[in-house]
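Before any comments, here is the structure.
Whatever order the structure lists ligands and atoms in, that order sets their numbers, starting from 1. These figures come from a predicted structure and were not determined experimentally. Along the sequence shown, residues carry numbers from 1.
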Amino acid sequence: MAGDSGDPTRIDGAVILVIEDEPHIADLLDLYLRQDGHRPYLADSGERALVLFAERSPALVLLDLGLPGGIDGLEACRRIRATSDVPIIMITARDDEVDRIVGFELGADDYVIKPFSPRELMGRVRAVLRRSARAATTTGPVVEFGGVRIDGERLEVTVDGVVASLAAREFALLWFLVEHVGRALTRRQILDGAWGDGWIGDERTVDVHVRQVRRKLGDDLPLATVRGVGYRLD
Ligand code: CA
């Protein structure tokens, strides 16, 4: 993946969407991110952010919780999460919101509380980008289930020879099931395995991703729901 400046998984030159309505903070973030070699895009509202998100496919989102207008930070996060596993670092002025942000509802990857040190935030940005780059480079052999062919080396899935477009997290979930084929796994095990230890979030996230994987790969994938437990690849 190195060498292609258009690759959003690159740590250097990563496209980063900054959603922040306070101009001096947005400018500061813009400056620090550029100094670190990233390519920031700034949005001062949730509405603008969703447009930019669709246009730019950022590798990371910095999201201020308190935004003016109809789409606040929580809603922007929800809408981004509905279609994407992009890492999100929330910026909040209220430390009593932190549990909601990373605890269960929203699945943000990390957070900082205002006032924050830009240096500390840049450290978090680098850590999150490194984690997601690592998650995207899991290697392994090729596995086939009927017409579904899963290539753990190229991180590619085809259905009857046609490439299925899986999000990085969907592939990670699928690959974790492949590695434990025949075993019933709890949602918690799947979260720990595919999202990484220490990922704190709602176990229903797993259901959402399983739905996507089933929808994209179809009936040839023997992904069973195990009542009262979780899922099993047969
Ligand atoms: Ca704000």
Quiz item: Looking just at side-chain N and O atoms, do Arg214 and Thr225 make a donor-acceptor pair shorter than 3.5 Å?
Solution: yes
Quiz item: Any N/O/S atom, backbone or side chain, of Glu20 lying under 3.0 Å from the Ca ion (ligand 1)?
Solution: no
Exercise. Using a cut-off of strictly less than 3.0 Å, determine whether Gly66 has an N/O/S atom near the Ca ion (ligand 1).
Key: yes
Quiz prompt | Pair His180 + Trp175: ring centers closer than 6.0 Å | solution = no
Quiz item: Taking the N/O/S atoms of Asp21 one by one, which is nearest to the Ca ion (ligand 1)?
Solution: OD1
Quiz item: Should the pair Lys114-Glu22 be classified as a salt bridge under the 4.0 Å nitrogen-to-oxygen rule?
Solution: yes
Quiz item: Is Arg211 reaching over with its side chain to a backbone N or O of Val206, donor-acceptor style, under 3.5 angstrom?
Solution: no
Quiz item: In Asp64, which N, O or S atom comes closest to the Ca ion (ligand 1)?
Solution: OD2
